[in-house]
Amino acid sequence: MWPLSFALVTAITVSALAQSTPPQSPVPSGEQLSAAGQTVPADYGHLSEHNREWLKTQPPQTQAEFLLGAAVNHDQGATDLISKMVEGWRGKLHYTRKFDDLQMTALYSNDLRVRAAAIEINLAVYNLAKNEETAEHLMAQADKTASYRPFASWELGMLGNRGVEPEKIRDFLRSFLHNSDGKTRYWAVEGLAHLGMDDTIKDFIDVLHNDPSPEVRERAGCSLAKSGMLTREQRMLAVPGLVEIGEDADLDPTTRSWVYQALREITNEHLGNDPTAWRNWYATAGSKRLEEFRRGDTWSVLGNN
């Protein structure tokens, strides 16, 4: 259901295997090492001293792309360096295919800080200042020109996530959710997903249940289950609404399957497509699962364990 890059699928699969398989003996050699099984550290997991020295000699574009790749790799120190350096990159970066590939992988990382780093670099690439004037300009252009709405909605969500008029941006993007143009609605969902706000959950529930376009409904489901800037705890807020959708006898089979995929991914509970079973589980175990997420490993952002 959810579009993932090859690199991300690999990372998620290895993470899932590492957390679900029994302990195994240490691996003394990498020779002919199988790709299946628990993770095997290749190094100590930090941004190396050598790389830090090398970065100082590189132009901003190389620095930004290298550090975003290191963040995707969970190299400790990469997101901290991005935060320190990103404002100095403004006006010196440009869009490249490499950046776009890294950005899309980062935006599906299982660490929200990596997603936040991708947002920061995106705003620097397009040299969008994090202020009210930028937001107002994007909203005015999107109101005036339909073809500008995909870019504006995507960037407005990122600005709102960085604290620039989040409520105003949420209301603006929400106003597009019932637009007659499916593309406008699609990108409004994408922008709202970047915000990471509790209030967007009811919007995604409504879109998943009622939007006439399957593409738009799918993006709403993805925004609840895996994409965007909602935390694991926030995603749990969607469970009652998803169960209610699942109880709709008139729901089409594809959307119904997405509802239950989302429930399984959000909760890490592998029940079938039975709304009664899900309602009972949520009533008896939902609060416990939420507490587990609150107390759990902060590296495990999504339901991959």
Side-chain angles (χ1 to χ4, degrees), residues 60-61 63-65 67-72 74 77-96 99-100 102-143 148-177 187-201 203-204 219 222-224 226-235 298 301-302:
Q61 187 77 26
Q63 291 175 340
E65 292 175 350
L67 285 173
L68 189 54
V72 168
H74 301 296
T79 56
D80 289 344
L81 268 183
I82 289 170
S83 293
K84 291 175 183 176
M85 299 175 72
V86 67
E87 290 304 315
W89 293 334
R90 287 186 171 273
K92 303 171 185 175
L93 302 181
H94 56 277
Y95 174 91
T96 65
F99 161 71
D100 188 56
L102 285 166
Q103 173 186 233
M104 295 313 298
T105 303
L107 288 173
Y108 277 94
S109 170
N110 54 8
D111 182 351
L112 283 184
R113 294 200 185 278
V114 175
R115 301 186 188 195
I119 288 174
E120 290 284 4
I121 295 177
N122 173 284
L123 294 172
V125 165
Y126 292 107
N127 203 19
L128 294 172
K130 293 182 284 186
N131 57 38
E132 181 180 344
E133 290 75 20
T134 303
E136 293 293 339
H137 172 74
L138 288 170
M139 286 188 281
Q141 291 296 110
D143 255 340
Y148 193 74
R149 288 172 188 165
F151 175 79
S153 297
W154 181 262
E155 300 301 328
L156 281 165
M158 292 188 171
L159 284 169
N161 180 268
R162 299 295 86 191
V164 179
E165 298 196 287
E167 289 81 15
K168 187 170 186 177
I169 288 172
R170 177 202 61 207
D171 291 344
F172 178 80
L173 293 174
R174 184 180 284 164
S175 72
F176 282 150
L177 290 178
W187 287 100
V189 170
E190 292 287 274
L192 286 166
H194 289 320
L195 291 175
M197 300 170 69
D198 288 0
D199 282 352
T200 61
I201 292 171
D203 297 319
F204 299 141
R219 295 316 300 161
C222 188
S223 298
L224 289 168
K226 193 169 284 288
S227 65
M229 289 298 291
L230 293 172
T231 66
R232 206 172 189 186
E233 293 172 45
Q234 287 176 297
R235 296 179 198 277
T298 55
V301 179
L302 299 180

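In what follows, every heavy atom counts, from backbone to side chain, and hydrogens, waters and symmetry copies are set aside. In this chain, numbering begins with 1 at the start of the sequence shown.
For the atom pair Met158 CE and Asn122 CG, the distance stands at 4.0 Å (nearest 0.5 Å). The CD1 atom of Ile121 sits 5.0 Å away from the CH2 atom of Trp89 when rounded to the nearest 0.5 Å. Here Asn161 contributes atom CG and Met229 contributes atom CE; the two are 4.5 Å apart, rounded to the nearest 0.5 Å. Separation of atoms NZ (Lys226) and OH (Tyr108) is listed at 9.5 Å; rounding is to 0.5 Å. Note that CZ of Arg170 is 12.0 Å distant from OG of Ser175, once rounded to the nearest 0.5 Å. Between the CG atom of Leu192 and the CG atom of Leu177 there is a distance of 5.5 Å, given to the nearest 0.5 Å.
Between the side chains of Asn131 and Thr134, a donor-acceptor pair is found at a separation under 3.5 Å.
Between Ser109 and Val72 the shortest side-chain heavy-atom distance does not fall below 4.5 Å. Leu224 places none of its side-chain heavy atoms less than 4.5 Å from the side chain of Arg235. Within the 4.5 Å cutoff, no side-chain heavy atoms of Glu133 are placed close to those of His137. Between Asp198 and Gln234, the closest side-chain pair of non-hydrogen atoms falls below 4.5 Å. Looking at heavy atoms from C-beta onward, Asn110 lies in side-chain contact with His74 at the 4.5 angstrom threshold. Looking at heavy atoms from C-beta onward, Tyr95 lies in side-chain contact with Tyr126 at the 4.5 angstrom threshold. In this structure, Asp100 and Gln103 have side chains that are in contact, with non-hydrogen atoms separated by less than 4.5 Å. Contact of the Pro150 side chain with the Glu190 side chain is not registered, since no non-hydrogen atoms from C-beta on lie closer than 4.5 Å.
Here Ala193 pairs with Phe204, Ser223 under the side-chain contact (heavy atoms from CB on, under 4.5 Å) rule; sequence neighbours left out.
Nearest heavy-atom pair, Phe172 versus Ala142, reported as atom, atom and distance to 0.1 Å: CZ-CB, 3.9 Å. Minimum interatomic distance between Ala117 and Thr79 (heavy atoms only, all atoms of both residues): CB-CG2, 4.2 Å. Contact between Ala118 and Leu107 at its shortest, heavy atoms only, is CB-CD2, 3.9 Å. Across all their heavy atoms, Gly228 and Leu112 have their closest contact at O-CD2, 3.9 Å. Across all their heavy atoms, Ala129 and Arg90 have their closest contact at N-NH1, 3.8 Å. Residues Arg162 and Ala116 approach most closely at NH2-CB, 3.6 Å, considering heavy atoms.
A salt bridge links Lys130 to Glu120: one of the charged nitrogens lies within less than 4.0 Å of a carboxylate oxygen.
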Exercise. Could you walk me through whether Leu123 and Val86 pass the side chain to side chain contact (heavy atoms under 4.5 Å, CB included) check?
Worked result: CA-CA 9 Å; Leu123 294 172; Val86 67; over 6 Å; no

For this session: Begin with the C-alpha distance, continue with both residues' side-chain angles, and end with the deciding distance and a verdict on salt bridge (Lys or Arg N to Asp or Glu O under 4.0 Å) for Lys168 and Glu136.
Result: CA-CA 10 Å; Lys168 187 170 186 177; Glu136 293 293 339; 2.5 Å; yes

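No option in Asp143, Ile169, Leu156 other than Leu156 meets the side-chain contact (heavy atoms from CB on, under 4.5 Å) test with Leu138.
Judged by distance alone, with hydrogens and angles left aside, the side-chain atoms of Gln61 form a donor-acceptor pair with the main-chain N or O of His94 at under 3.5 Å. Side-chain atoms of Ser227 come within 3.5 Å of backbone atoms of Cys222 as a donor-acceptor pair (strictly under, hydrogens ignored).
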